[in-house]
Amino acid sequence: MTSGMTVSKIAISLSDNLVAHARREVASGRVASVSAYVADALAEKVKLDDLAELLNEMLAETGGPMTAAERRTADDILGAPRKRKKRA
């Protein structure tokens, strides 16, 4: 946490599994506290949300998302593995 940063204390509910994981991270020394772990996770979520918003804006300016044919062409160019169709 940055020195001088204003913080707010809140109460949240988490599953027992998430709390146990966060506490293991603290015990291992990878994070300073459960609060720091949750704050880091939330900061990452904010970044992902911002990126999703930027992508949506870019798609809106360029005509929308790729068609299935455009996606296949891009995947071929990038060497992405093909998805297998599920059998019924």
- Met58 vs Thr62, side-chain contact (heavy atoms from CB on, under 4.5 Å): CA-CA, chis, key distance, verdict: CA-CA 6 Å; Met58 293 170 68; Thr62 59; 5.5 Å; no

Students should find that the hydrophobic cluster of Val31, defined by side-chain heavy atoms under 4.5 Å apart, otherwise consists of Ile10, Ile12, Leu14, Leu18, Val19, Val26, Val34, Tyr37, Val38

Connected to Leu59, directly or through other members, by ILVMFWY side-chain contacts below 4.5 Å are Leu55

d(Leu51 CG, Asn56 CG) to nearest 0.5 Å is 11.0 Å

Heavy-atom nearest pair, Ala74 first then Met66, reads CB-SD, 4.3 Å

So the salt bridge (Lys or Arg N to Asp or Glu O under 4.0 Å) pairs with at least one residue in residues 36-54 (sequence neighbours excluded) are Glu44-Lys47, Lys45-Asp49

